[in-house]
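Notes follow the structure.
All residue numbers refer to positions in the sequence shown, counting from 1.
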Amino acid sequence: MSGTRPGTVYEYAVLRVVPSIERGECINVGVAVLCPERKYVGVRVAHDEARLAALAPDLDLAELRAALDALVAVADGDPAAGPLTRLSPSERFGWLTAPASTVIQPSAIHTGLCQDPADTLERLFSTLVLTG
């Protein structure tokens, strides 16, 4: 090899909007990434209002936006988001990716190797959320 290091282990989960459990339909709206070695946790979110309106016309988009913003704030450790932000990055990731029966649900957790967890978050977000 030409001097490149092998990479650092990271984990990620896709965040999905599931407006109706019974119908089983979902739209990817975000990605959460954890790199324990670098003490990094990050979340990127976006939602396509037209797709969500077609899938769930009764969904309160302002409420959804606020919930997604809260997830980003927890990941970022923003003190305004409350006591969860005092947890370690691994604990915050665990909270962000815990199974839930809410409209926003995480996928299974996947792993990989990366050189830069923030760059990896951007790549995953672009691939898994922005490409629809």
Side-chain angles (χ1 to χ4, degrees):
M1 290 204 180
S2 59
T4 61
R5 57 185 194 195
T8 303
V9 173
Y10 74 94
E11 300 176 34
Y12 78 93
V14 178
L15 303 176
R16 301 174 172 144
V17 169
V18 182
S20 170
I21 300 294
E22 296 80 19
R23 289 177 51 163
E25 299 169 322
C26 65
I27 295 176
N28 294 350
V29 295
V31 177
V33 168
L34 170 68
C35 183
E37 184 178 312
R38 307 251 177 102
K39 295 182 174 55
Y40 174 88
V41 63
V43 170
R44 288 270 286 136
V45 297
H47 61 282
D48 182 329
E49 291 190 6
R51 285 182 70 201
L52 286 167
L55 183 62
D58 296 331
L59 185 65
D60 184 334
L61 294 177
E63 188 176 307
L64 174 66
R65 190 175 310 112
L68 292 171
D69 290 345
L71 295 177
V72 171
V74 168
D76 289 348
D78 180 350
L84 289 171
T85 61
R86 292 192 296 266
L87 298 173
S88 72
S90 292
E91 290 170 320
R92 292 196 314 268
F93 182 78
W95 182 84
L96 292 163
T97 60
S101 60
T102 63
V103 171
I104 302 170
Q105 297 185 11
S107 71
I109 295 173
H110 308 279
T111 61
L113 294 174
C114 70
Q115 297 299 320
D116 181 328
D119 287 348
T120 299
L121 174 59
E122 292 304 318
R123 180 183 52 78
L124 290 168
F125 179 72
S126 177
T127 303
L128 301 172
V129 177
L130 297 181
T131 57

Report task. Flag yes if V9 and V31 sit in one hydrophobic cluster, no otherwise; membership is Ile, Leu, Val, Met, Phe, Trp, Tyr, and two members link when side-chain heavy atoms are under 4.5 Å apart. Result -> no
**Report entry** Over all atoms of both residues, closest heavy-atom pair of R92 and V41
**Finding:** NH2-CG1, 3.2 Å
Query raised in the report: Does one hydrophobic cluster hold both V72 and L34, with members joined at side-chain heavy-atom distances below 4.5 Å?
Result: yes
Query raised in the report: Can you hop from Y10 to I109 via hydrophobic side chains spaced under 4.5 Å?
Result: no
Report summary line: Value for CZ (R38) from SG (C114), rounded to nearest 0.5 Å, stands at 6.0 Å
Report task. Indicate the atoms forming the closest heavy-atom contact of N28 with V129, along with that distance. Result -> O-CG1, 3.7 Å
Query - Over all atoms of both residues, closest heavy-atom pair of I104 and T102 - result: O-OG1, 2.8 Å
Report summary line: Minimal heavy-atom distance between A50 and D48, with the atoms involved, is N-OD1, 3.0 Å
Report summary line: Between A32 and F93, the two heavy atoms sitting closest are O-CE1, 3.6 Å
Report task. Hey, could you give me each pair passing side chain to side chain donor-acceptor pair (under 3.5 Å) that has a residue in residues 104-113? Not counting sequence neighbours. Result -> none
Report summary line: Value for OG1 (T8) from CD (Q115), rounded to nearest 0.5 Å, stands at 6.5 Å
**Report entry** Transitive ILVMFWY side-chain link L68 to V43, under 4.5 Å
**Finding:** yes
Query raised in the report: Do side-chain atoms of R16 reach the backbone of I27 as a donor and acceptor pair under 3.5 angstrom?
Result: no
Query raised in the report: Sequence neighbours excluded, which residues qualify as side-chain contact (heavy atoms from CB on, under 4.5 Å) partners of A98?
Result: none
Query raised in the report: Are W95 and V14 co-members of a hydrophobic cluster defined by side-chain heavy atoms under 4.5 Å apart?
Result: no
Under 3.5 Å donor-acceptor pairs involving side-chain atoms of residues 118-126, not counting sequence neighbours:
from: T120; atom 1: OG1; to: D116; atom 2: O; distance (Å): 3.1
from: E122; atom 1: OE1; to: R44; atom 2: NE; distance (Å): 3.1
from: E122; atom 1: OE1; to: R44; atom 2: NH2; distance (Å): 3.3
from: E122; atom 1: OE2; to: R44; atom 2: NE; distance (Å): 2.9

Report task. Using the test side chain to side chain donor-acceptor pair (under 3.5 Å), find all partners of R23 that sit at least two apart in sequence or belong to another chain. Result -> E25
Query raised in the report: Any idea which heavy atoms bring L96 and A75 closest together, and the distance?
Result: CD1-CB, 3.8 Å
Report task. Taking the side chain as every heavy atom from C-beta outward, state whether Y12 and L128 have any pair of such atoms under 4.5 Å apart. Result -> yes
Query - V103 side chain near V18 side chain, heavy-atom distance below 4.5 Å - result: no
**Report entry** side chain to side chain donor-acceptor pair (under 3.5 Å) contacts touching residues 66-81 (sequence neighbours left out)
**Finding:** none
Query raised in the report: Does the E91 side chain pair with the main chain of S88, one donor and one acceptor, at a distance under 3.5 Å?
Result: yes
Report task. Would you please name every residue forming a side chain to side chain donor-acceptor pair (under 3.5 Å) with T85, sequence neighbours left out? Result -> none
